[in-house]
Protein chains: 2
Amino acid sequence: MNIPKISDAEWEVMKLIWKSSPLTSEEMVDSLSGKMNCSPSTIKTYINRLLKKGALGYEKDGRSYVYYAKVSEKDCILAESKNFIEKVYDGATAMFFANFIEEKALTDEEIQQLRELLKDKKPK
Amino acid sequence: MNIPKISDAEWEVMKLIWKSSPLTSEEMVDSLSGKMNCSPSTIKTYINRLLKKGALGYEKDGRSYVYYAKVSEKDCILAESKNFIEKVYDGATAMFFANFIEEKALTDEEIQQLRELLKDKKPK
DNA sequence: TTTCATTGATTACAGTTGTAAACTATATAA
DNA sequence: TTATATAGTTTACAACTGTAATCAATGAAA
């Protein structure tokens with residue numbers, strides 16, 4: 001299925017849903033309006049836009065709705081990553097990693113994790 | 001200096017400038033309107049917006065202008081990368097690398113390059 | 001049953017972006 | 001000198017975003 005374009009603010013909503021779905025709008029508002037420092041109305045707007053984009057779905061649960069994700073976190077992350085690397089590096093992924101590592105944007109711990117990851121990666 | 005927000009389309013202009021600066025608008029139009037599949041006017045709009053944002057500067061060169069970058073590629077890439085990883089991973093950079101590697105979005109060659117990079121990285 | 005509160009839906013509005021045409025000033029060819 | 005091409009400046013416009021208030025429907029309390 002097609003991954004819709006999810007804006008910065010909408011990503012916050014999606015991340016919450018992926019972690020704790022299903023949720024009511026009230027739960028989402030409680031969880032996000034503080035963190036995002038915006039009004040409850042704003043969160044509701046995001047929810048509605050995500051519904052319209054097909055990123056969220058809902059089911060009736062008594063008086064109100066519970067929302068759930070209709071696109072997987074994995075797919076969204078991959079789409080977003082590719083898009084980003086295409087934009088900034090014309091697709092030269094390794095270039096990105098290189099710069100990031102050089103810039104010390106990674107902690108020693110993260111570097112260690114990465115080494116582990118690559119160790120398991122057998123070249124075909 | 002502050003890095004202005006550079007849009008997807010504007011990134012194409014900046015990448016060209018970083019690679020071949022200084023350039024006239026004509027050179028930019030020639031180089032990009034085909035690749036980006038848009039009209040010369042559109043490229044000029046991007047140039048103007050980038051001027052307004054302070055990402056580009058210009059100097060008079062006879063009858064017309066030549067443009068050059070006022071923000072460094074390195075800084076822009078780092079800002080954009082941090083922003084992206086913050087949005088998608090709440091800053092958990094290693095998580096990003098992990099997913100990307102798992103998804104086989106890297107070629108074997110790129111993985112090898114990465115290994116090399118990490119080898120040189122001495123833990124403090 | 002009438003009213004209030006809750007919550008989803010609609011409307012609002014300015015700023016950004018992708019896209020491009022129209023306008024204007026100026027240098028150069030005729 | 002006048003006409004034309006070139007290149008920079010303005011204007012245009014719809015879609016998307018961030019942000020939020022208002023409207024409407026419905027269940028619950030009085």
Side-chain angles (χ1 to χ4, degrees), chain A residues 2-17 22-68 79-80 83-84 86-88, chain B residues 2-17 22-68 76 79-80 83-84 86-87:
Chain A
N2 262 29
I3 302 296
K5 186 163 178 357
I6 295 169
S7 80
D8 286 13
E10 289 162 1
W11 261 91
E12 293 302 317
V13 177
M14 292 308 293
K15 280 190 288 193
L16 176 64
I17 277 283
L23 291 171
T24 64
S25 73
E26 195 196 1
E27 290 169 319
M28 288 193 262
V29 165
D30 287 349
S31 187
L32 294 175
S33 69
K35 182 197 214 153
M36 296 179 72
N37 195 46
C38 67
S39 99
S41 301
T42 304
I43 305 294
K44 292 196 184 164
T45 300
Y46 298 151
I47 293 171
N48 263 298
R49 287 181 183 166
L50 288 167
L51 284 173
K52 220 167 276 173
K53 290 180 181 186
L56 291 182
Y58 64 83
E59 273 169 26
K60 243 194 173 76
D61 176 55
R63 60 208 108 275
S64 62
Y65 296 163
V66 288
Y67 299 87
Y68 58 89
E80 195 76 26
N83 187 57
F84 162 74
E86 187 57 43
K87 170 169 82 174
V88 174
Chain B
N2 262 29
I3 302 295
K5 186 163 177 356
I6 296 170
S7 80
D8 286 13
E10 289 161 0
W11 261 90
E12 293 303 317
V13 178
M14 292 308 293
K15 279 189 290 192
L16 176 64
I17 278 284
L23 292 171
T24 65
S25 74
E26 195 196 0
E27 290 168 319
M28 288 192 263
V29 165
D30 286 349
S31 187
L32 293 176
S33 69
K35 181 196 215 154
M36 296 179 73
N37 196 46
C38 65
S39 99
S41 302
T42 304
I43 306 294
K44 290 194 187 167
T45 301
Y46 298 152
I47 293 171
N48 263 298
R49 287 180 182 164
L50 288 166
L51 284 172
K52 218 167 276 172
K53 289 180 182 187
L56 291 182
Y58 63 84
E59 273 171 25
K60 242 194 173 75
D61 174 56
R63 61 208 105 278
S64 62
Y65 297 162
V66 289
Y67 299 87
Y68 57 88
C76 287
E80 195 76 26
N83 186 56
F84 162 73
E86 186 58 43
K87 168 168 84 173

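Sequence lines set the chain letters: A, B, ... in the order given, protein chains first and strands last, and positions in each chain run from 1.
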Trainee: Distance check needed: D:dA7 C1' versus B:Glu59 CD, whole Å only.
Mentor: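 In whole Å, D:dA7 C1' lies 18 Å from B:Glu59 CD.
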Trainee: Would you give the length of the straight line joining atom OG of A:Ser25 to atom CD1 of A:Ile43, rounded to the nearest 0.5 angstrom?
Mentor: 10.5 Å
Trainee: Nearest-Å distance, NZ (B:Lys60) to C1' (C:dT26)?
Mentor: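 Going from NZ in B:Lys60 over to C1' in C:dT26 covers 10 Å.
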Trainee: In Å and rounded to the nearest 0.5 Å, what is the CG to CE distance from A:Leu50 to A:Met28?
Mentor: 9.0 Å
Trainee: For the pair A:Tyr46 and A:Ser7, evaluate side-chain contact (heavy atoms from CB on, under 4.5 Å) and give the outcome as yes or no after the intermediate values.
Mentor: CA-CA 9 Å; A:Tyr46 298 151; A:Ser7 80; 5.8 Å; no
Trainee: For the pair made of CD1 in B:Ile43 and P in D:dA7, what is the distance, rounded to whole Å?
Mentor: 15 Å
Trainee: For A:Lys15, which residues count as a salt bridge (charged side-chain N to carboxylate O under 4.0 Å, His left out) partner, sequence neighbours excluded?
Mentor: A:Glu12, B:Asp90
Trainee: Summarise how protein sits on nucleotides 6-20 of chain C as a single string, 5' to 3': B when a protein heavy atom is under 4.0 Å from the base, S for sugar-phosphate-only contact, - for no contact.
Mentor: -BBSB-B----BBBB
Trainee: Please name all residues satisfying salt bridge (charged side-chain N to carboxylate O under 4.0 Å, His left out) with A:Asp8, sequence neighbours left out, ordered by chain then number.
Mentor: B:Lys87
